Each structure stands twice: as structure tokens, then as C-alpha cells.
Chemist: 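Here it is: the structure, laid out below.
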Amino acid sequence: QVQLVESGGGLVQAGDSLTLSCALFGLTLSSHTVGWFRQGPGKEREFLAAIGSVGSTIYSGDSVMDRFTISRDNAKNTAYLQMNNLKPEDTAVYYCAASFRTVVGTTTSQYPYWGQGTQVTVSS
């Protein structure tokens, strides 16, 4: 059974840092691309970052790349999203997703496997 389990969310203050984890079960991380997305209140799910099976990375834009870092630990079968200098507008449910595609995707339709999400709330 395939399962992705996110953890590490919580309530923080503006300027704080958080590291989200995405543990994969039933999938081998080394052969999958992992992406991170988020969905804020009343908003559509948006792409943040992805890391390919060979370690290539892509970010949604400068504002994310300047503060967020995606990484993976194949030995632990876990991917991470390090988030620094968090802002109130980062408040959202954060999701990780996995794909067997070799192309590092940036859209939700490219990822068949999803976690349940973890809430991140940033207070001002």
C-alpha cells in the first residue's frame, strides 16, 4: 500500500523556520520524483518545489527559492522542505506528492500519490 506521510507543520511566528518531512511507504524514494505543494484558505493548490530521482530540483519562483529548500534522504526514504523566514502569507496546508515520472513535474496532475497534508500557520 502506497502512503505518503507529512509531518513537521505547526504554529510559528513570522521569521521562524520549519522543516517539513515526507515519509514514503510502499514507494522507493530513489526512483521517484517528490514535489511539495500548498493550499491556502480559499486558494487553489500551488506548486512550491520538486526534486527528481537523480537530485535535480525546481522551484516555483525566486520568492520560494530564496527561502525554501527541498532535499531528500534516500536511506530514510524521506523528503524534506526546509522553510526559512516564514511569512503570514505562507499559512496553508502543505502537501507532498510522488511520481514515477523522470520529468520533474510542477502540476498536480503529474503526481498520482499524495499525502494527507500538514498545517502550517504563521502569525504576524
Side-chain angles (χ1 to χ4, degrees):
Q1 181 180 358
V2 174
Q3 193 175 11
L4 279 66
V5 180
E6 301 101 334
S7 61
L11 173 63
V12 298
Q13 294 186 334
D16 286 351
S17 298
L18 276 177
T19 298
L20 305 183
S21 300
C22 174
L24 276 64
F25 301 92
L27 292 175
T28 301
L29 179 61
S30 60
S31 58
H32 285 77
T33 289
V34 172
W36 282 97
F37 295 75
R38 69 183 178 189
Q39 188 164 14
K43 297 182 180 179
E44 293 187 354
R45 195 167 299 188
E46 64 171 334
F47 169 77
L48 294 173
I51 185 165
S53 58
V54 294
S56 57
T57 59
I58 186 170
Y59 294 89
S60 63
D62 291 343
S63 63
V64 171
M65 188 165 57
D66 289 346
R67 299 186 295 125
F68 294 2
T69 303
I70 190 171
S71 62
R72 60 195 296 152
D73 186 335
N74 290 342
K76 295 182 178 180
N77 223 40
T78 300
Y80 304 94
L81 185 69
Q82 169 72 39
M83 305 186 295
N84 299 323
N85 190 24
L86 284 163
K87 304 176 181 180
E89 51 264 42
D90 294 319
T91 294
V93 178
Y94 284 69
Y95 298 89
C96 67
S99 169
F100 193 63
R101 294 166 61 98
T102 55
V103 173
V104 181
T106 62
T107 64
T108 57
S109 62
Q110 293 173 296
Y111 292 86
Y113 307 111
W114 288 83
Q116 81 289 347
T118 185
Q119 176 71 46
V120 173
T121 302
V122 185
S123 64
S124 57

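Not measured: the values here are computed from a predicted model. In this chain, residues are counted from 1 in sequence order. Computed from heavy atoms alone, side chains included, the values below leave out hydrogens, waters and symmetry copies.
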Chemist: Strictly by modelled atom types, are Gln82 and Thr19 linked by a side-chain donor-acceptor pair under 3.5 Å?
Modeler: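 The answer is yes; a qualifying pair exists.
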Chemist: What's the separation between atom CG in Leu29 and atom CG in Asn74, rounded to the nearest 0.5 Å?
Modeler: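 So the gap between those two atoms works out to 4.5 Å.
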Chemist: Can you tell me how far CG of Asn77 sits from CG of Leu27, rounded to the nearest 0.5 angstrom?
Modeler: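 The CG atom of Leu27 sits 8.0 Å away from the CG atom of Asn77.
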Chemist: Any chance you could measure Thr33, atom OG1, to Tyr113, atom OH, to the nearest 0.5 Å?
Modeler: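 Atom-to-atom, Thr33:OG1 and Tyr113:OH are 12.5 Å apart.
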Chemist: Taking all heavy atoms of Gly8 and all of Leu18, pick out the closest pair and write down the distance.
Modeler: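 Smallest heavy-atom distance, with atoms named: O-CD2, 3.5 Å.
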Chemist: May I ask you to test the Gln110-Phe47 pair for a side-chain heavy-atom distance under 4.5 Å?
Modeler: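 When only atoms from C-beta onward are counted, Phe47 and Gln110 do not touch, as no gap falls below 4.5 Å.
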Chemist: Checking side-chain polar atoms at under 3.5 Å, does Thr28 have a donor or acceptor matched by the opposite partner on Ser30?
Modeler: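 Distance-only check fails for Thr28 and Ser30.
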Chemist: Do Val120 and Leu20 have side chains that approach each other closer than 4.5 Å (heavy atoms only, starting at C-beta)?
Modeler: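 Of all side-chain heavy-atom pairs linking Leu20 with Val120, at least one is under 4.5 Å.
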Chemist: Please name the pair of heavy atoms, one in Ser17 and one in Asn84, separated by the smallest distance, quoted to 0.1 Å.
Modeler: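 Scanning both residues, the minimum pair turns out to be OG-OD1, 3.0 Å.
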Chemist: Taking all non-hydrogen atoms of both residues, which atom of Arg67 and which atom of Leu86 are closest, and how far apart?
Modeler: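 Scanning both residues completely, I find the closest heavy atoms to be NH1-CA, 3.9 Å.
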Chemist: Can you tell me if Asp90 uses its side chain to pair, donor with acceptor, with the backbone of Lys87 under 3.5 Å?
Modeler: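 Checked: pair present.
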Chemist: Under 4.5 Å between any side-chain heavy atoms of Glu6 and Tyr95, yes or no?
Modeler: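 Yes, their side chains come closer than 4.5 Å.
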Chemist: Test of understanding: clusters of I, L, V, M, F, W, Y form through side-chain heavy atoms closer than 4.5 Å, transitively. Do Ile58 and Leu81 belong to the same one?
Modeler: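 No, Ile58 does not connect to Leu81 through the hydrophobic network.
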Chemist: To the nearest 0.5 Å, what is the distance between CZ on Arg45 and CZ on Arg38?
Modeler: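 If we round to the nearest 0.5 Å, Arg45:CZ and Arg38:CZ are 13.0 Å apart.
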Chemist: Roughly how far apart are Glu89 CD and Lys43 NZ, rounded to 0.5 Å?
Modeler: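 Between Glu89 CD and Lys43 NZ, I get 8.0 Å after rounding to 0.5 Å.
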Chemist: Taking the side chain as C-beta and beyond, is there a heavy-atom pair between Asp66 and Tyr59 under 4.5 Å?
Modeler: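 With C-beta onward as the side chain, the pair stays apart.
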Chemist: So which heavy atom on Val64 is nearest to which on Ser60, and how close?
Modeler: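 For Val64 and Ser60, the tightest heavy-atom pair comes out as CG2-OG, 3.1 Å.
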Chemist: Taking all atoms of both residues into account, what is the closest heavy-atom pair of Gln119 and Ala92, and its distance?
Modeler: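 Answer, listing the atom of Gln119 first, then Ala92: NE2-O, 3.4 Å.
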Chemist: Is it the case that the side chain of Thr91 and the backbone of Val122 share a donor-acceptor pair, with hydrogens and angles ignored and the cut-off at 3.5 Å?
Modeler: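 A pair under 3.5 Å: yes.
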Chemist: Taking it one step at a time, do Tyr111 and Phe37 satisfy side chain to side chain contact (heavy atoms under 4.5 Å, CB included)?
Modeler: CA-CA 11 Å; Tyr111 292 86; Phe37 295 75; 3.8 Å; yes
Chemist: Check Ser56 against Val104 and note the closest heavy-atom contact, atom names and distance.
Modeler: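 Of all heavy-atom pairs spanning Ser56 and Val104, the closest is OG-CG2, 3.6 Å.
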Chemist: Between OG of Ser99 and NE2 of His32, what distance do you get to the nearest 0.5 Å?
Modeler: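 Separation between the atoms: 7.0 Å.
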Chemist: Donor-acceptor pair, Gln13 side chain versus Ser123 backbone, under 3.5 Å?
Modeler: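 No, the answer is negative, given that no donor and acceptor are paired below the 3.5 Å cut-off.
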